[in-house]
Student: 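Structure below; questions to follow.
Values reported hereafter were calculated over all heavy atoms of this structure, with side chains retained and with hydrogens, waters and symmetry mates removed. Just follow the structure's listing: the first ligand is 1, and inside any ligand the first atom is 1.
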Amino acid sequence: MENTKLWQKGIVYQIYPRSFMDYNNDGIGDLQGIISKLDYIKDLGVDIIWLSPVYKSPNDDNGYDISDYLDINPEYGTMKDMDELIEKAKQKGLRILMDLVINHTSDEHPWFTQSQDPKSEYRDYYIWRKEPNNWTGFFSGSTWDKIGDSYYLHLFSKKQPDLNWKNPKIMEEVQNIMHFWLKKGIYGFRCDVINIIYKTSLENGKKSLVLTGSEHYHSQEGCHQILKTLRSEVMDQYDAFTVGETVLVTTKQANDLILPERKELNMVFAFEHMETDQINNKWFKTRFKPNKFMKVISKWQEEAYWNANYLGNHDQPRSVSRFGDDKKYHLESAKMLATLNLTLKGTPYIFEGDEIGMTNGDFKSMDDYKDIESFRIYTLMKKMLFPHWLRYKLIQKTSRDNARTPMQWTKQGGFTKGNPWLKVNANTKTINVDNNLDDPNSIYNYYKHLIKIRKESDVLINGSFKPLYMKRNIFVFRRTYQNQSFITVLNMSKNKRKCPLDMKGNISISNYNRTDLNDQLLQPYEAILIKEEGAK
Ligand code: TEU
Ligand code: CA
């Protein structure tokens, strides 16, 4: 236990800075806004705050297009504000995790503007070719755009040119950036799309419905080499950690990045559980099937060396709207999902607003959306002759803006006194922080209680994971450490179901305020955490 690091035993709270709290009332969340809410975050019981990018950026992709890695987006504040945030957080025992986006920069980064001149020393910072290949990108369409008489590669939007990791200068630049921030006392990095940064070849790819060409850049040996260097040259000099965002990985590919002897990353965000309600790609949603979902989660629990557990983030629809029921069983299902996320093995990540059960946005037309990806996909579906109602329905279900609506602090919203950059959900009237703080039975107070239980428990932090039942939308698993154990019982559906196993022990927490385990009938979305008695 003593050797357990903060990033293993701690809990991470993700902030999407644009949407968290607007201090100067210009409609955009900012650093002073975050500082003003540090006590709220601390009270929840978390240890680490992951900030989505706050660097200087023209905001084509809300900060995931960086034009200066060593400066702060003026919309969010200044470097002085950032120093203050790091310092004030530290005083409260909170550490800051920053987003590190090193697959691409903004096209407005001075490296890229200079790179446009074929004779510039920055030319090789990016990937230029005379002719495009057949690759298709994450936001759909070709990955190549033309400037002058050459094409440059961009796996995301055309304002996000990919860096050329075959150029040793990039390694040098990135190391400097990492040192700069780590020296300020941050606790590490969430490494954006880290498993696709190294392009082994630029050959044409095997034709595929999505991401043609990915076999040339996904999980390449070159990427492993880069991560080993960043670890030994930078990370190892600090008390810090890395979590990689890794698209399309298998448990084997994840372990190749996180096993301690590999000396690369500490953990990764995998996506397989997020793919269980989609056909082929994330824009074609099918009905959520809990059985499939729990099997994937269980597989990752058993096979991955360590997990970064999450049910939502700034790229995904809201978890309660997606895996729960945001109407009839809002309270119950949000608490059930919390119980899942916080009793699994690994480091739990909570996305801002999930602790009060925020739901998908209540957008009324395409004019309400802001996300570049939503527009790209909408246009693509139009080209494919999808009727308007279907296009709109798919965007409504999948848009990343669902997770990005401003944090609901009060009945009136409370995020800003100005005009919010993205529409505040009208359900802030009932779903808001104020209501949650006041009500002992609220989702927030359930999170808080559950976090406390987790933090005080060797079993929940270090225990092994064993699935006991995964059928009929019921998920039961056991965590064991030395001679102690917990059982988590989850009904992931709205149907009442008899628990197939005998439930024995003491109830640590339950979302129906159960006082005993005599009744084996599980209520809709019921969740029970049971501390088992005696040795196992
Ligand atoms: O996301 C990468 C990613 O592959 C997806 O999760 C992304 O949401 C996109 O929808 C692919 O379909 C990361 C960031 O989290 C995301 O916000 C950025 O847009 C992206 O990288 C580019 O930096
Ligand atoms: Ca502001």
Student: Measure the distance from atom 13 (C) of ligand 1 to every protein heavy atom, then report the residue, atom name and distance (to 0.1 Å) of the closest one.
Tutor: D192 OD1, 2.9 Å

Student: Are the side chains of F139 and K158 in touch, meaning some heavy atoms are under 4.5 Å apart?
Tutor: no

Student: With atoms numbered from 1 as shown, which atoms in ligand 1 lie under 4.0 angstrom from a non-hydrogen atom of F138?
Tutor: 4 (O), 11 (C), 12 (O)

Student: Using a 4.0 Å cutoff against the non-hydrogen atoms of H314, which atoms of ligand 1 qualify?
Tutor: 14 (C), 15 (O), 16 (C), 17 (O)

Student: So, are K252 and E303 salt-bridged, with charged N and O less than 4.0 Å apart?
Tutor: no

Student: Would you say the side chain of F138 lies within less than 4.5 Å of the side chain of H154, judging by non-hydrogen atoms?
Tutor: no

Student: Less than 4.0 Å between a side-chain N and a carboxylate O, is that true for D192 and R190?
Tutor: yes

Student: Please write down residue, atom name and distance for the protein heavy atom closest to atom 18 (C) of ligand 1.
Tutor: D61 OD2, 3.3 Å

Student: Decide if atom NZ of K228 counts as having more than 12 heavy atoms of other residues, nucleotides or ligands within a radius under 6.0 Å.
Tutor: yes

Student: Would you say W300 and K295 make side-chain contact, with heavy atoms under 4.5 Å?
Tutor: no

Student: With the side chain counted from C-beta on, respond yes when Y16 and L51 share a heavy-atom pair under 4.5 Å apart, and no when they do not.
Tutor: no

Student: What residue and heavy atom of the protein are closest to atom 20 (C) of ligand 1, and at what distance?
Tutor: F156 CE2, 3.7 Å

Student: Suppose we only count N/O/S atoms under 3.0 Å; would N24 qualify as near the Ca ion (ligand 2)?
Tutor: yes

Student: Would you say G29 reaches the Ca ion (ligand 2) with an N/O/S atom under 3.0 Å?
Tutor: no

Student: The Ca ion (ligand 2) is nearest to which N, O or S atom of D26?
Tutor: OD1

Student: As an exercise, identify every atom of ligand 1 less than 4.0 angstrom from a heavy atom of V193.
Tutor: 2 (C), 21 (O)

Student: Could you tell me if any non-hydrogen atom of R404 lies under 4.0 Å from any atom of ligand 1?
Tutor: yes

Student: Testing R404, R18, R376 for salt bridge (charged side-chain N to carboxylate O under 4.0 Å, His left out) with D371, which one passes?
Tutor: R404

Student: Does E75 bring an N, O or S atom to within less than 3.0 Å of the Ca ion (ligand 2)?
Tutor: no

Student: Is the Lys NZ or Arg CZ of R391 less than 6.0 Å from the centre of F386's six-membered ring, within 45° of the axis?
Tutor: no

Student: Atom 10 (O) of ligand 1: which of R400, R190, E373, H104 has the nearest heavy atom?
Tutor: E373

Student: Using the side chain to side chain donor-acceptor pair (under 3.5 Å) definition, which of the options D61, D107, T105, D65 pairs with Q160?
Tutor: D61

Student: Which residue owns the protein heavy atom closest to atom 6 (O) of ligand 1, what's the atom, and how far is it?
Tutor: D315 OD2, 3.4 Å

Student: Give the atoms of ligand 1, by number and element, whose distance to some non-hydrogen atom of V247 is under 4.0 Å.
Tutor: 3 (C), 4 (O)

Student: With the Ca ion (ligand 2) at the centre, find the angle made by OD1 from D22 and O from I28, to 10°.
Tutor: 80°

Student: Which heavy atom of the protein is the closest neighbour of atom 1 (O) of ligand 1, given with residue, atom name and distance?
Tutor: E245 OE2, 3.0 Å

Student: For the Ca ion (ligand 2), find the closest N/O/S atom belonging to D30 and write down its atom name.
Tutor: OD2

Student: I'd like to know if the side chain of K166 and the backbone of T200 have a donor-acceptor N/O pair within less than 3.5 Å.
Tutor: yes

